[in-house]
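Computed from a predicted model, the values in this text were never measured in an experiment.
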Amino acid sequence: MHDAFVFSPGLQAPWLTIIGLGEDGLAGVGDEAKRCIAAASVIFGGHRHLELAGELITGERHAWMSPFERSIEAVVALRGSPVVVLASGDPLFFGVGATLARRIDPAEMRVLPFPSAFSLAAAKLGWALQDTATVSLHGRPVDLIRPHLHPGAHILALTSDASGPEALARLLIESGFGQSSLTVLEALGGPEERVTRHVAAQFSQSDVHALNICAVEVVAESGARILSLASGLDDALFEHDGQITKREIRALTLSALAPRRGQLLWDIGAGSGSIAIEWMLSDPSLRAVAIEVSAERVARIGRNATQFGVPGLVVVHGGAPGALLDLPQPDAIFIGGGGSGDGVMEAAIAALRDGGRLVANAVTTEMEAVLLSCHGRLGGSLIRIDIARASPVGAMTGWRPAMPVTQWSWTKQETTSERI
């Protein structure tokens with residue numbers, strides 16, 4: 001993490017100008033942007049951006065370096081000098097402007113945006129952006145589109161390169177959405193602009209421009225992998241070996257964990273990773289770490305994370321409490337397996353952020369004893385969950401009870417350390 005920026009009123013502000021460019025280059029920007037480019041002592045941007053604005057540039061040109069963080073540091077080091085950063089479209093929408101805004105006080109910079117690729121595509125298609133899912137797959141896994149695949153949905157997906165549309169078509173086919181309409185919009189706003197429409201299952205275009213955005217009108221086939229928006233997804237959607245929090249219990253567990261924007265969950269004894277995965281599906285800002293001692297299950301959690309469109313799930317191979325060391329501090333913790341082990345509950349309670357929530361489930365008497373002890377010392381909520389499922393009894397139907405689950409949920413207060 002970087003230190004918070006400090007704004008000094010004595011500096012002439014703003015010193016940094018971030019300018020969005022389209023494929024038409026300087027023809028599409030206003031007079032103010034042109035003046036800033038011409039007056040800048042230093043200009044940063046991609047090779048393509050520097051070429052598009054080349055006729056006005058009089059200062060030093062700096063193409064983005066690899067790793068990209070080196071260039072960000074170079075921009076920050078020039079604080080106070082007139083610097084221009086050239087970007088694609090709207091710099092604050094999946095762009096470099098958002099990265100720089102985390103390091104530089106907004107009072108020290110101004111942003112002159114151009115319509116984003118999403119806006120240009122929506123205008124071309126006549127789609128209302130507020131009703132359209134927008135996903136950046138630029139430098140990111142194509143699996144991120146999976147949670148948005150619902151019948152009738154409109155999705156705009158920005159890809160990384162010429163291979164992006166084919167990879168997207170392949171995912172749609174494999175997930176049961178092969179009949180979806182896939183429109184490829186290339187180099188929008190420039191002389192090489194092209195729009196082609198396909199059915200995903202029949203996609204065969206090979207000469208795709210590297211700068212492209214894909215529009216998907218989702219059509220679901222029978223058996224398509226549709227991820228419900230509610231907690232408690234069908235167990236059959238997960239790859240598992242029986243070590244999984246069943247859907248009804250999972251729904252109640254997610255409710256008790258109460259995900260909040262930007263928070264981090266530890267899923268201790270993750271099994272199939274179902275709790276961590278559904279936590280992350282609640283909102284794109286949510287993060288999770290799944291801790292699992294079995295190497296086979298670790299691999300399985302990774303595959304499940306991919307199939308559910310949350311490839312950012314961090315999986316730690318190891319057992320608690322040792323595997324918890326050096327992990328980022330959690331806002332919530334779920335303990336579904338191994339909680340009765342020596343020191344596990346104590347380590348989890350100690351690690352949890354003040355105000356954080358801990359939820360633990362027990363199906364064994366040993367783990368139940370641990371939860372009863374925790375409830376006696378620390379308070380919180382203790383419930384017993386009994387689920388019965390209808391199943392054949394000869395030629396008739398009867399109720400077959402599942403193993404009861406004892407659930408302890410608790411919120412950490414600042415005085416907790418005095419009682420553990």
Side-chain angles (χ1 to χ4, degrees), residues 17-38 40 43-57 61 63-64 68 84-100 110-140 142 145 154-169 181-198 203 205-217:
T17 304
I18 307 174
I19 298 173
L21 296 177
E23 282 301 289
D24 56 353
L26 295 174
V29 300
D31 292 340
E32 177 64 12
K34 291 176 182 176
R35 281 194 295 270
C36 290
I37 293 172
I43 292 191
F44 290 84
H47 290 289
R48 181 172 61 88
H49 300 132
L50 294 173
E51 183 177 340
L52 286 171
E55 65 185 73
L56 284 181
I57 297 175
R61 304 182 185 209
W64 295 129
F68 185 64
V84 162
V85 167
L86 302 177
S88 295
D90 185 346
L92 289 173
F93 195 39
F94 295 114
V96 67
T99 303
L100 288 166
R110 57 184 161 182
V111 179
L112 305 176
F114 187 83
S116 69
F118 297 103
S119 293
L120 293 173
K124 184 69 65 173
L125 298 167
W127 288 7
L129 268 178
Q130 71 270 17
D131 298 324
T132 302
T134 55
V135 185
S136 176
L137 305 178
H138 186 77
R140 306 167 77 199
V142 68
I145 201 171
H154 282 186
I155 306 170
L156 289 174
L158 182 67
T159 76
S160 291
D161 51 37
S163 64
E166 182 180 3
L168 180 54
S181 171
L182 177 60
T183 302
V184 183
L185 303 99
E186 307 168 65
L188 287 176
E192 299 181 57
E193 178 181 304
R194 180 173 60 169
V195 177
T196 54
R197 292 175 171 80
H198 314 262
F203 185 85
Q205 186 176 342
S206 58
D207 58 337
V208 179
H209 195 286
L211 298 174
N212 67 82
I213 184 168
C214 294
V216 182
E217 297 174 79

Legend entry - Over 12 foreign heavy atoms within 6.0 Å of CD, Glu32: yes
Inset, instruction - Kindly give the heavy-atom pair with the smallest separation between Gly89 and Pro91, and that separation in Å. - result: O-CD, 3.2 Å
Legend entry - Crowding at NE2, His138 (>12 non-hydrogen neighbours, <6.0 Å): no
Inset, instruction - Sequence neighbours left out, what passes salt bridge (Lys or Arg N to Asp or Glu O under 4.0 Å) with Asp207? Give chain and number order. - result: Arg194
Legend entry - Residue pair Phe44 / Leu86, side-chain heavy-atom distance below 4.5 Å: no
Legend entry - Closest non-hydrogen atom pair between Ala215 and Leu185, with its separation: CB-CD1, 4.0 Å
Legend entry - Residue pair Ile37 / Ile43: nearest heavy atoms and the distance that separates them: O-CD1, 3.5 Å
Inset, instruction - Could you tell me whether Lys34 and Glu55 make a salt bridge, using a distance below 4.0 angstrom between a side-chain N and a carboxylate O? - result: no
Inset, instruction - Verify, without hydrogens or angle tests, whether Thr196 (side chain) and Thr183 (backbone) share a donor-acceptor contact under 3.5 angstrom. - result: no
Inset, instruction - Would you mind reporting whether Trp64 and Val85 have side-chain heavy atoms less than 4.5 Å apart? - result: yes
Inset, instruction - Check for a donor-acceptor pair, side chain of Ser119 on one end and backbone N or O of Pro115 on the other, with a separation under 3.5 Å. - result: no
Legend entry - Polar side chain donor-acceptor pair, Ser88 to Arg48, under 3.5 angstrom: yes
Inset, instruction - List for me each residue that meets ring-ring contact (aromatic ring centres under 6.0 Å, His included) alongside His154, sequence neighbours excluded, and say none if there are none. - result: Trp127
Legend entry - Ala128 versus Thr132, closest heavy-atom pair with distance: O-OG1, 2.9 Å
Inset, instruction - Without swapping roles, check the side chain of Asn212 against the backbone of Gly164 for a donor-acceptor pair under 3.5 Å. - result: no
Inset, instruction - Return the minimal non-hydrogen interatomic distance between Val184 and Val208, and the atom names on each side. - result: CG1-CG1, 4.2 Å
Legend entry - Glu193 side chain near Glu186 side chain, heavy-atom distance below 4.5 Å: no
Inset, instruction - Using ring-ring contact (aromatic ring centres under 6.0 Å, His included) as the criterion, list what pairs up with Phe114, not counting sequence neighbours. - result: none
Legend entry - Heavy-atom closest pair, residues Glu23 and Pro191: O-CD, 4.2 Å
